[in-house]
There are 2 protein chains.
Amino acid sequence: MGQVNTPTPTSQPLARLFAVAFRSLVDGLHVALRDRGWNDVRPAFGPVLLACRYEPTSTTALAQLMGMTKQAASKLIDTMDAAGYLARTVDTSDARQRPVALTTRGRELLAVVDEIYADLEQEWATVVGQVEVDHLRATITRVLGLESGELPPVRLW
Amino acid sequence: MGQVNTPTPTSQPLARLFAVAFRSLVDGLHVALRDRGWNDVRPAFGPVLLACRYEPTSTTALAQLMGMTKQAASKLIDTMDAAGYLARTVDTSDARQRPVALTTRGRELLAVVDEIYADLEQEWATVVGQVEVDHLRATITRVLGLESGELPPVRLW
DNA sequence: TGATGTAGTCAACGTGGTTGACCAATAGCG
DNA sequence: CGCTATTGGTCAACCACGTTGACTACATCA
């Protein structure tokens with residue numbers, strides 16, 4: 001992926017470092033969830049929980065957010081519904097829509113995810129300092145040109 | 001995944017920024033590969049090409065590197081063999097082993113990947129400066145504790 | 001009111017993984 | 001040197017999670 005003549009950690013391609021960093025955070029989250037008894041949470045649940053945090057979200061919107069087909073998003077919603085984290089609702093102004101809303105259990109999970117994830121990022125701050133973490137965040141945001149817009153769809157799980 | 005009250009790009013969870021950054025680099029690589037006529041290269045080929053850069057690599061080692069079963073690694077190798085990028089060899093000192101080596105075409109692909117990827121990272125340097133990119137790399141390496149060891153297995157594609 | 005587009009679902013399919021079993025080869029031990 | 005345990009790799013079957021194309025119900029527009 002990257003031209004590395006004498007591969008050392010400090011000369012690893014950024015892509016791989018991003019992949020390892022992402023995996024480290026997500027795996028850390030899921031290990032901590034399981035430690036607390038949340039045994040049926042899959043990585044794909046994360047983006048859905050976040051998307052439904054403030055208001056019910058349509059299947060089409062979730063599909064776009066996650067870069068998958070409406071059918072696949074619907075299947076994922078079915079799985080989370082069966083697990084008790086989401087509930088399908090009806091839209092009084094558009095009968096085609098079946099927005100999904102967090103259940104009480106879904107909100108509880110989201111709260112735990114927030115807490116655990118805050119700890120994980122705090123661990124980063126502990127190693128290099130909060131200023132450095134904020135700088136990291138700002139640099140990546142700048143390069144990706146995300147200062148003013150929504151994040152693009154991304155699926156990594 | 002992260003506690004964000006008023007979600008803005010600059011306060012996005014690091015995990016999601018890493019995911020988007022990774023996706024941006026890998027998708028950029030594959031778009032450029034296709035532009036140059038390399039139409040059958042899949043994201044999973046990347047780690048294999050890199051792993052076989054300097055010497056043939058065993059199926060077991062590839063499986064460990066990529067965090068998958070030997071069977072899955074063998075299937076992937078079969079696919080890359082059929083596409084002409086790898087060739088299975090024999091190990092004269094251990095007949096059980098069937099190390100895989102890059103073919104001429106595999107080396108050509110790896111050279112193109114190196115070139116494209118260097119350009120992609122250069123784009124990052126163009127936006128924020130090479131010093132900033134090196135700093136990014138060093139910071140993530142430090143947090144992940146990778147200064148002195150091999151990268152852990154990671155699969156993201 | 002008819003045409004067109006959208007939201008969501010259905011059934012079937014394909015891909016890329018895992019699992020458990022197996023075989024051949026190697027390493028180590030008594 | 002023979003035996004046992006381990007390792008490298010393969011086999012067949014299975015599973016999860018995506019896609020595809022078709023379809024229905026609903027909304028919008030002229």
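Keep in mind it's a predicted model, so treat the numbers as computed, not measured. In what follows, every chain begins at residue 1, and chains take the letters A, B, ... in the order their sequences are listed.
Dashed line: the shortest gap from a side-chain N or O of A:Arg88 to OP1 or OP2 of C:dT9 is under 4.0 Å. The shortest distance between the side-chain N/O atoms of A:Ser74 and the OP1/OP2 oxygens of C:dT9 is below 4.0 Å.
As a whole-Å value, the separation of A:Leu86 CG from C:dG8 P is 14 Å. A straight line from CD of B:Gln64 to P of D:dT7 spans 11 Å, rounded to a whole angstrom. C:dG17 atom C1' lies 14 Å from atom CZ of A:Arg42, rounded to whole Å. The distance from atom CD of A:Gln97 to atom P of C:dT9 is 11 Å, rounded to the nearest whole Å. Atom pair A:Asp78:CG and C:dG8:C1' shows a separation of 11 Å (rounding to whole Å applied). Nucleotide C:dC10 holds its P atom 11 Å from the CZ atom of A:Arg98, rounded to whole Å. In this structure, A:Ile77 atom CD1 and D:dC17 atom C1' are separated by 15 Å, rounded to whole Å. For the pair B:Asp91 CG and C:dA27 P, the computed distance is 10 Å after rounding to whole Å.
Side-chain proximity of A:Met68 to the nucleotides D:dT19, C:dG8, D:dC26 is greatest for D:dT19. Taking every side-chain heavy atom of A:Ala95 into account, D:dC26 is the closest of D:dG18, D:dC26, D:dG8. Comparing atom distances between the B:Thr60 side chain and each of D:dG8, C:dT18, C:dA12 picks out D:dG8 as nearest. Side chain of A:Arg96, nearest nucleotide from C:dG8, C:dG5, C:dA25: C:dG5.
Residue B:Thr69 is in base contact, counting any heavy-atom pair closer than 4.0 Å across all strands shown. As judged by a 4.0 angstrom heavy-atom cut-off over every strand, B:Ala72 is placed among the base-contacting residues.
Comment: B:Arg36 engages B:Glu115 in a salt bridge, judged by a side-chain N to carboxylate O separation of less than 4.0 angstrom. Using a 4.0 Å cut-off between a side-chain N of Lys or Arg and a carboxylate O of Asp or Glu, B:Arg142 and A:Glu132 do not qualify as a salt bridge. By the 4.0 Å N-to-carboxylate-O rule, A:Asp114 lies too far from A:Arg107 to be salt-bridged with it. Between A:Asp91 and A:Arg96 there is no salt bridge, since none of the side-chain N atoms of the basic residue sits less than 4.0 Å from a carboxylate O of the acidic one.
In this structure, A:Phe18 has its ring center closer than 6.0 angstrom to the ring center of B:Trp124.
Ranked by how close their nearest DNA chain D nucleotide is to the 5' end, A:Lys75 and A:Ser93 are led by A:Lys75. Comparing A:Ala73 and B:Asp94 by the nucleotide of DNA chain D that holds the closest heavy atom to each, the one mapping nearer the 5' end is B:Asp94.
Side-chain atoms of B:Lys70 and base atoms of D:dG9 include a donor and an acceptor less than 3.5 Å apart. For B:Gln71 against D:dC11, a side-chain N or O and a base N or O form a donor-acceptor pair under 3.5 Å.
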